[in-house]
Amino acid sequence: QSNGAAPSAQRDFYDSVGDDEDWRENPSAAFRVGERLVDRIFSGTFEQRDPDLIRENLPLNWLLATLYFRARVEGLDNIPDVGPAMLVGNHSGGNYIPDSFILGMAFATYFGAERPWFALTHSAVMAMPIIGPIMKSFGSIPASRENADEALRRGACVLVYPGGDIETYRPWWKRNEVTLAGRKGFIRTALKNEVPLVPVVNIGSHETGIFLSDGQWLCRLLGIDRSLRIKATPIQLGLPWGLWATDFLPRLLLPAKIEVRVLPEVRFPRTGAAAAEDDDYVQECFDDVVLRMQTAHDEMAARRRWPIIG
């Protein structure tokens, strides 16, 4: 509008996706509009978590996880008995993240399915047929700081994988590295909300697939790093496709032994909004958490004699 005014419907649109005035001419602005629309489409999933479904499927899911992945979870007593908490894990296994389902099952078994539990998940994964609706039923919500804040406000335990697609598609030979892709937003969220931060480490989940490259270069070439927030797409080897470059197709997960360890809560000297805005302090907290997780992962890796077999 030349006079700066916009009709009500148009104003509602801008209120929903943000006011990038040059989004029609500026491709980067258009990508930001698309990104916010994706988040809006797949938001509002707090009520879709189904405790009854979780409880009813625990016996079968545990049977499958035990027989196929020889799943083992330890340290659940490190999670506070009541109230909100943020759990941060190393992201492994591509889109299928069997360790995340195993941890969710263990949480529901230990604390009860009624205790609120949400996992921050990439919107693109939640849009996948079959898998997406299942993940919502088990507590997945779109990954955003706003959703994390809201889940914590509701008194929930929130699982976050800061490394996202970059870490979960890391090459096979980097499977024992914990980097969290250098992303520190979870530190700021925990500090701002003054909630306990509980690290979680898994080993074996990244052995359920053989990733040769994280394909970041391919995402930049295709432009999906901006349009869909997909920063990596793996080049992998496996069944039934042989060699292919995505993880949005069904594939056979290798029967790797998966172990999950919940570490003791990290207690930061300072918390609150001011601490969350202190970049140097946030970096210090981040380095501390990564070191704790890498140390635990190294201990778990030292116990394994062979990949996949354990």
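What you are looking at is a predicted structure, and each value in this text was computed from that prediction instead of being measured.
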If you look at every heavy atom in [X] and [Y], which pair is closest and at what distance?
X    : Y    : answer
I258 : G204 : CG1-C, 3.9 Å
P142 : L120 : O-CD2, 4.0 Å
T168 : F211 : O-CE1, 3.9 Å
S140 : T121 : OG-OG1, 3.1 Å
S92  : D99  : O-OD1, 3.5 Å
G83  : R115 : O-NH2, 3.0 Å

Ionic contact status for [Y] with [X], cut-off 4.0 Å:
X    : Y    : answer
R183 : E167 : no
R72  : E74  : yes
R270 : D278 : yes
R145 : D149 : no
R154 : E47  : yes

Evaluate L254 against I210 for side chain to side chain contact (heavy atoms under 4.5 Å, CB included), listing each step before the verdict.
CA-CA 9 Å; L254 299 177; I210 300 177; 4.1 Å; yes

From I203, T179, N202, N176, residue fulfilling side-chain contact (heavy atoms from CB on, under 4.5 Å) relative to N90
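Of the listed options, the one satisfying the test is N202.
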
Do any N or O atoms from the side chain of [X] and from the backbone of [Y] form a donor-acceptor pair under 3.5 angstrom?
X    : Y    : answer
E265 : I79  : no
Y96  : T208 : no
H206 : K174 : no
K192 : A190 : no
R49  : P116 : no
W241 : P250 : yes
K257 : I309 : no

Applying the 4.5 Å side-chain criterion to the ILVMFWY set and letting contacts propagate, would [X] and [Y] be lumped into a single cluster?
X    : Y    : answer
I134 : L53  : yes
W244 : L237 : no
L291 : I187 : no

Could you give me the CA-CA distance, side-chain angles and deciding distance for T189 and L152, then say whether side chain to side chain contact (heavy atoms under 4.5 Å, CB included) is met?
CA-CA 10 Å; T189 298; L152 293 171; 3.9 Å; yes

Flag this pair as yes if the NZ/CZ of R175 is under 6.0 angstrom from the six-membered ring centre of W172 and inside a 45 degree cone about the axis; otherwise no.
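Checked: cation-pi criterion met.
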
Decide side chain to side chain contact (heavy atoms under 4.5 Å, CB included) for L191 and Y281; before the verdict, give the C-alpha distance in whole Å, the side-chain angles of both, and the deciding distance to 0.1 Å.
CA-CA 10 Å; L191 292 174; Y281 181 66; 4.0 Å; yes

Stepwise side chain to side chain contact (heavy atoms under 4.5 Å, CB included) test for I230 and H122
CA-CA 9 Å; I230 297 176; H122 199 295; 4.3 Å; yes

Would one find more than 12 heavy atoms of other residues, nucleotides or ligands at under 6.0 Å from atom CZ of R303?
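Yes, because the 6.0 Å sphere around CZ of R303 holds more than 12 heavy atoms from other groups.
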
Using the ring of each side chain (for Trp, its six-membered ring), is F111 parallel, tilted or perpendicular to F107, with breaks at 30° and 60°?
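Taking F107 first and then F111, their aromatic rings sit tilted (interplane angle of 30° to 60°).
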
Would D287 and Q283 count as a side-chain hydrogen bond (donor to acceptor under 3.5 Å, both in side chains) here? Give the steps.
CA-CA 6 Å; D287 292 340; Q283 182 67 56; 2.9 Å; yes

Passing candidate, side chain to side chain donor-acceptor pair (under 3.5 Å) with Y169, options N95, T233, D214:
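Running side chain to side chain donor-acceptor pair (under 3.5 Å) over N95, T233, D214 with Y169 returns exactly one hit, N95.
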
